[in-house]
Amino acid sequence: MLDLDPSGRRNVWARVTQAVEQFTEDLDTLPVAPSSSPDEVRAALSSVDFAAPMAPEEALDLVVSGLRTHQVHTGHPNYFGLFNPAVSTMSVAADTLVAAFNPQLAAWKHAPFAVEAEELVTREIGIRLGYDRDAAAGSFTSGGAEANHTALLMAMTRAFPEFVEHGVRALPGQPTIYASSESHHSFVKAARFSGLGDRAVRHVPVDETYRLDPKALEAQITPDRKNGEYPFLIVATLGTTGAGILDPVGAIASVGARNSMWVHADAAWAGAAALLPEMREHFEGLERSDSITFDAHKWLSVPMAAGMFLTKHRDLMERAFAVDAGYMPVDDNQRVVEPHRVSIQWTHRFIGLKLFLSLLVAGWDGYETMIRNMIQLGRVLDRRLGEQGWNVVNQTPLPVSCFQDGRSSEGTSSDHMRAIVAGVEASGLAWISFMNLGGSYPAARACITNFRNSEGSIERLLEVLEQVRSAR
Ligand SMILES: *Cc1c(COP(=O)(O)O)cnc(C)c1O
């Protein structure tokens with residue numbers, strides 16, 4: 001029942017690849033975002049009855065039709081959304097192979113090829129981002145949030161060795177974390193789950209371009225320490241989620257060094273830009289960070305969920321995460337890293353294959369060309385928005401534009417900009433999001449991290465924006 005016979009299996013695989021290819025070819029004719037109501041979606045599921053098993057073909061058709069109809073298509077050429085990727089062909093092949101071969105990467109001996117392939121990719125990316133070949137280490141994670149949580153635990157382990165055995169109760173005072181007011185909210189979650197509490201995260205003021213201000217940072221750390229708190233971690237965000245702001249990681253690393261604090265670079269989406277020589281100036285000092293978050297499932301265009309935690313402190317990973325378990329297979333004869341001893345995860349899926357296979361086929365050159373093109377398209381988007389009377393309010397070399405309506409007296413209001421965004425979404429012709437830059441600039445937001453975005457799709461977006469504006 002669970003394993004079909006060979007001809008049944010062949011039929012299923014054929015139907016699946018057919019559905020995948022058809023979806024990919026039809027993508028630009030589908031609505032970018034559905035207007036599915038809960039009733040409609042539940043109706044699509046109403047024929048489900050686990051007491052009356054279906055034929056495989058029928059079951060597959062039910063799911064393919066549900067997914068085609070009821071989801072935002074992040075790979076659509078007119079999707080300008082939140083870094084959710086269009087997926088590379090090789091990465092889809094990779095995830096398929098992973099499901100079928102199902103390697104268990106918790107222990108090296110169970111899946112040596114997969115474990116070594118993941119190690120190779122994390123090391124190579126770490127080196128490309130600036131770490132020394134001998135030092136670069138890391139692990140694949142479910143995403144940026146888990147990578148940020150990993151960084152927090154590594155920083156805790158270094159600052160408070162007693163934390164590993166005795167937990168936060170053994171600490172002499174409140175440990176504190178510093179990140180800009182524009183940083184990602186996953187640090188608040190990580191602080192909560194680590195027993196530090198939400199308030200351990202101190203939001204540092206930003207300068208007039210929304211970059212973390214290193215002077216304000218130091219001015220916050222010093223009194224906190226005097227008050228008996230224990231500052232231990234600084235986060236530099238390299239590409240904020242909302243507006244693509246790049247914190248000055250070099251200056252932040254200096255503050256970290258002066259205060260003996262861990263410096264973590266959250267480069268979840270924009271880290272990919274650091275692969276380009278001409279963009280390196282914006283990441284100056286990244287090599288001085290203790291760790292980096294880098295999401296393959298954003299700009300590197302592989303399916304969710306694939307994040308990376310990168311560090312130059314290999315030994316500390318083991319100190320932070322190793323728990324002995326007699327039942328785990330070990331290979332005594334070889335010097336290998338046991339994945340379950342160096343990460344939050346235990347069972348570990350072959351997350352890295354989608355990046356490994358994509359990189360094997362596209363090469364660094366292929367990725368660099370793609371990212372370079374999108375950065376240029378981002379400039380086109382900025383310019384064309386300006387020409388159409390939309391005021392771009394964020395300054396960044398990265399391809400994300402936050403804009404207000406320069407042709408309406410309401411153009412800087414939250415209500416107006418939310419209505420513009422909702423109108424675009426409802427059209428089904430394009431997808432952008434809403435954000436509030438610095439809490440005071442309500443704006444529509446479009447980013448170009450989808451390799452199907454083109455000058456044509458930018459023009460399509462501008463047409464839709466114009467229609468929505470003039471209909472108000
Ligand atoms: C997306 C993002 C995260 C969270 O990553 P997930 O992969 O969604 O868990 C963290 N930091 C930044 C800057 C991000 O853009």
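Every heavy atom of this structure was used, including side-chain atoms; hydrogens, water molecules and symmetry mates were not. Quick note: residue numbers are just sequence positions, from 1. Order of appearance sets the numbers: ligands from 1, and atoms from 1 within every ligand.
For ligand 1, the atoms lying closer than 4.0 Å to a non-hydrogen atom of Asp295 are 5 (O), 6 (P), 7 (O). Close contacts between ligand 1 and Thr241 involve ligand atoms 12 (C), 13 (C), 14 (C), 15 (O) [criterion: under 4.0 Å to a heavy atom]. Short contacts between ligand 1 and Gly239, defined as distances under 4.0 Å to a heavy atom of the residue, involve ligand atoms 13 (C). Against a heavy-atom cut-off of under 4.0 Å, Lys298 is close to the following atoms of ligand 1: 1 (C), 2 (C), 3 (C), 4 (C), 5 (O), 14 (C), 15 (O).
Summarising the local packing, CD of Glu368 is surrounded by more than 12 heavy atoms from other residues, nucleotides or ligands at distances under 6.0 Å.
Nearest protein neighbour of atom 9 (O) of ligand 1, counting heavy atoms only, is Ala145 N, 2.8 Å. The nearest heavy-atom contact from the protein to atom 11 (N) of ligand 1 is Asp266 OD2, 2.7 Å. Counting protein heavy atoms only, atom 10 (C) of ligand 1 is closest to His184 CG, 3.3 Å. Ranking protein heavy atoms by distance to atom 6 (P) of ligand 1, first place goes to Gly144 N, 3.2 Å.
Contact annotation for His297 and ligand 1: only side-chain heavy atoms (C-beta onward) come within less than 4.0 Å of the ligand. Of the heavy atoms in Thr293, none comes closer than 4.0 Å to ligand 1.
Between Trp269 and ligand 1, no pair of N/O atoms sits closer than 3.5 Å. The shortest N or O to N or O distance between Ala268 and ligand 1 is not below 3.5 Å.
Taking the six-membered ring where tryptophan is involved, the planes of Phe160 and Tyr230 are perpendicular, since the angle between them exceeds 60° and thus also 30°.
A salt bridge does not link Arg123 with Asp134: none of the charged nitrogens is closer than 4.0 Å to a carboxylate oxygen. Salt bridge annotation for Arg211-Glu182: absent, with no cationic side-chain nitrogen under 4.0 angstrom from a carboxylate oxygen. Ion pairing between Arg460 and Glu455 fails under the 4.0 Å rule for side-chain N and carboxylate O.
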(request) Apply salt bridge (Lys or Arg N to Asp or Glu O under 4.0 Å) to the pair Glu278 and Arg372, showing each step before the final yes or no. (result) CA-CA 9 Å; Glu278 69 270 27; Arg372 188 169 286 127; 2.6 Å; yes
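Figure legend: cation-pi geometry between Arg445 and Phe83, with NZ or CZ positioned under 6.0 Å from the six-membered ring centre and within 45° of its axis.
Side-chain polar atoms of Thr293 and Asp266 form no donor-acceptor pair below 3.5 angstrom.
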